[in-house]
Amino acid sequence: MTNQDISRELEEIADLLEIAEANPFRIRSYRRASEAVADLAEEAATLVAEDRLTEVPGIGKGIAAVIEQLVTTGVSEDKEALLVDYPAGLLEMLRISGFGPRKAAVVYRELGISTVDDLEAAAESEKLQELPGMGAKTEEKLLSAIADYRRGQERALLGDMLPVAEMLVEKLRQHPDVIAAEYAGSTRRCRETVGDLDLLATSDDPAAVCQWFAGLDALEQVIMAGDTKVSGRLSGGRQVDLRVVEQQSFGAALQYFTGSMQHNVRVRERAQKMNLTVNEYGVFEFHDETKGDMVAGATEEEVYAALGLPWMAPELREDRGEIAAAEEGRLPDLIELSDICCDLQMHSHYSDGHTTIEQMARTCIALGYQYMGITDHSQALRVANGLDAERLNAQHEEVLELNEKLEAEGSDFVVLHGLEADILSDGAVDVPDGCFDLLDFVIGSLHQGFSTDADRITGRMVTAVESGMIDFVGHPTGRLLLARQPYGLHLDQLISACAEHDVALEINASPQRLDLDDVHSRRAVEQGCKLTINTDAHDPQMLHSMRYGVMQARRGWVEAPTVINTWPLADLKAWLAARRK
DNA sequence: GCCGTTTTCGGCCCGACTGTTTTCAGTCG
Ligand SMILES: Nc1nc2c(ncn2[C@H]2C[C@H](O)[C@@H](COP(=O)(O)OP(=O)(O)OP(=O)(O)O)O2)c(=O)[nH]1
Ligand SMILES: [Mg+2]
Ligand SMILES: [Mg+2]
Ligand SMILES: [Zn+2]
């Protein structure tokens, strides 16, 4: 069982407990534990074996026992027991927006309904109206929500939604009644995927802004519209939530709406202990059980300061220890896009890229980089027209000529000649014979034969790392967001090997990869690894994806000096040279 | 179920909107 599988099991237990009307705090514990497992940098099985599960915040003896059972037997007795009373089909019904655990329990208890299809049929034949707490409107909305559920992908790529968020924020800012607007939620935290778009605006007349927004053409459907918030769907079905408050509450509202939910809960618990209370309008004094004066709210800095904390970057707000770190002055000095001075993975028409090396270089220059690495595929990757010795030599000539041309133009931009070499089935690195000394650096990537078992794949990659032939590992887990699971590999062993042999790990900045992810980037740095953030661009436009890689790095608490492509060229060359001895 | 510079027991974030409600539960952010 992968951590992701375990996380889902815990979440489903929480859902079942909620249908069963269990203690809400107990339910919350399962949800928190589910997130904690999803955020683990190590395999849960390892923690079980070493009896370290309860060291994880949010996992105590009870849930540790559940996880242990899941790891060893694949099933949880507690969950099986719940499933005796409440069939698994009810879990799917909870995905329908506006249909929660209480209604699920009622329709199952009263009508025996346990599938979405049956629920739909019951709503169509107006059987739900007879149930307590449900009426004609309930049925109507439910049918619409079922249609939305059937249509939609639960989450979308940040890379697809961030531009939409930016466009909507611009639209808000242009409205005369809007003072300020920002996107918030998981988009502002730069999560790799987002469930919806969360927008915040301030105004002297929030109700007017809400009314205007609800009428926008961009909203295909309005789910609800009040005086301070509007929820709707874009064409395509993706949800948008707009929250509008007065300017004096901007900071508090942005803090609230940025989340994460768990971070907010931590913040608010801290406030309680300080005799304060926090909501989306501000930080308030709290005396004798009554709310008193507002002490902060206009800016996020003010809100955190009122709680004795420094402001922290949205990317850190995931309840992964950021509040303790903030309190102790241990917040990382996060890497920024402007720290990046090169891109070290990209392709040209020599393999499966769409344009010339020079075109790519010109775009890198425009992006303000000092140098770049051209890294086409190696010969083993025939589907991508990988380079054999002859073509790699020809490419080398072209790189030399391009550098001369740039120099003649007075540019000090430099093109390094690299190769994205396949890691072959025996762990050998696919650098054509006699070509190693030609290359400034070599990336080792797995592209083929990754559907075997975890030990084999890990072994291949570790062998490549130990060979001394590769300078970094490209897209280390091979995941494609919303499309393909990571290779089943023991990432922790790969990270250890990279730390030992001073091989860097890539954060592939392509919005569908973001690989390594945030938690493993953080883990890799903790283990002493260097990182490198690259776009893996196949055309000039894709070179602009660098920001997504930096976002992922920031979510992983990464600082600039551990990322080799923040280094001046001389430093990178010195590191490469030292590695080759 | 988890957790602990006030606690190993007794707390656990806080508010908006909707529909069916005659005072608020359910769902969601
Ligand atoms: N205090 C508090 N804030 C919440 C709660 N639920 C949501 N929020 C805040 C924090 C969230 O980041 C923000 C937006 O809610 P969303 O449901 O859209 O979540 P978020 O954007 O974080 O993730 P998503 O990618 O949309 O699933 O609202 C809650 O239960 N309590
Ligand atoms: Mg959201
Ligand atoms: Mg939302
Ligand atoms: Zn690749």
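Each chain gets a letter, A, B and so on, in the order its sequence line appears, and its residues count up from 1.
- Neither side chain, A/D518 nor A/S521, offers a donor N or O lying under 3.5 Å from an acceptor on the other.
- Between A/R102 and A/E18 there is no salt bridge, since no side-chain nitrogen of the basic residue lies less than 4.0 Å from a carboxylate oxygen of the acidic one.
- B/dC12 and B/dT6 have their P atoms separated by 16 Å, given to the nearest Å.
- The listed nucleotides are B/dG1, B/dG29, B/dC14; the one nearest the side chain of A/T277 is B/dC14.
- Looking at heavy-atom distances under 4.0 Å, A/P24 makes no contact with the nucleic acid at all.
- A 6.0 Å sphere centred on CD of A/Q4 holds no more than 12 heavy atoms belonging to other residues, nucleotides or ligands.
- As rounded to whole Å, 14 Å separates atom P of B/dG15 from atom CD of A/Q255.
- Within 4.0 Å (heavy atoms only), A/S231 reaches no atom of the nucleic acid at all.
- Closest-nucleotide positions on DNA chain B for A/V56 and A/R28 were compared, and the one nearer the 5' end corresponds to A/V56.
- Side-chain proximity of A/D198 to the nucleotides B/dG29, B/dG1, B/dT27 is greatest for B/dG29.
- Counting non-hydrogen atoms under 4.0 angstrom, A/I59 reaches the backbone sugars and phosphates but no base.
- Within the nucleic acid shown, A/V278 comes within 4.0 Å of sugar-phosphate atoms alone, with no base atom in reach, counting heavy atoms only.
- Across B/dT7 and B/dG11, the matching C1' atoms stand 9 Å from one another, rounded to whole Å.
- Counting heavy-atom neighbours within 6.0 Å of A/K79 NZ, excluding the residue itself, gives a total above 12.
- Taking atom P on both nucleotides, B/dC13 is separated from B/dC17 by 22 Å, rounded to a whole Å.
- In this structure, B/dC12 and B/dG1 make a Watson-Crick or G-U wobble pair, each of the two defining distances being under 3.5 angstrom.
- A straight line from CD of A/E18 to P of B/dT27 spans 8 Å, rounded to a whole angstrom.
- Not one side-chain nitrogen or oxygen of A/N264 sits closer than 4.0 Å to the OP1 or OP2 atom of B/dC13.
- Atom CG of A/L94 is separated from atom C1' of B/dC28 by 13 Å (rounded to the nearest Å).
- Rounded to whole Å, atom C1' of B/dG11 lies 19 Å from atom CZ of A/R270.
- On the P atoms, B/dA25 is 16 Å away from B/dT20, given to the nearest whole Å.
- Remark: the A/S203 side chain and the A/D177 side chain contain no N/O donor-acceptor pair separated by less than 3.5 Å.
- Counting non-hydrogen atoms under 4.0 angstrom, A/L131 reaches nothing in the nucleic acid.
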* Asked: How does protein contact run along nucleotides 16-21 of chain B, one letter per nucleotide 5' to 3', with B for base contact, S for sugar-phosphate only, - for none, heavy atoms under 4.0 Å?
  -> SSSSS-

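- A distance of about 23 Å separates the C1' atoms of B/dG4 and B/dC14, rounded to the whole Å.
- When each of A/P101 and A/K273 is assigned the nucleotide of DNA chain B bearing its nearest heavy atom, the one mapping closer to the 5' terminus is A/K273.
- Nucleotides B/dT5 and B/dG1 have their C1' atoms positioned 24 Å apart, rounded to a whole Å.
- Ion pair A/D39/A/R522 not flagged as a salt bridge, since none of the NZ, NE, NH1 or NH2 atoms sits closer than 4.0 Å to an Asp/Glu carboxylate oxygen.
- The separation of B/dG26 from B/dT8, taken at their C1' atoms, amounts to 35 Å, rounded to a whole angstrom.
- The side chain of A/R268 contributes no N or O atom lying less than 4.0 Å from OP1 or OP2 of B/dC13.
- Minimum heavy-atom separation, A/Y548 to A/A509: CB-O, 3.6 Å.
- The pair A/R266-A/E327 does not meet the salt-bridge criterion, since no charged nitrogen lies less than 4.0 angstrom from a carboxylate oxygen.
- Here the closest heavy-atom approach between residue A/E322 and residue A/R320 is recorded as OE1-N, 2.7 Å.
- To the nearest angstrom, C1' of B/dC3 lies 14 Å from CG of A/N23.
- On a pure distance criterion of 3.5 Å, no polar donor-acceptor pair joins the side chain of A/Y256 and the base of B/dG15.
- The side chain of A/Q272 contributes no N or O atom lying less than 4.0 Å from OP1 or OP2 of B/dG11.
- Checking B/dG15, B/dC2, B/dC13 against the side-chain heavy atoms of A/K291 singles out B/dG15 as nearest.
- Here the separation of B/dT27 from B/dT21, taken at their P atoms, is 15 Å to the nearest Å.
- Nearest to the side-chain atoms of A/D196 among the listed nucleotides B/dC14, B/dG26, B/dG29 stands B/dG29.
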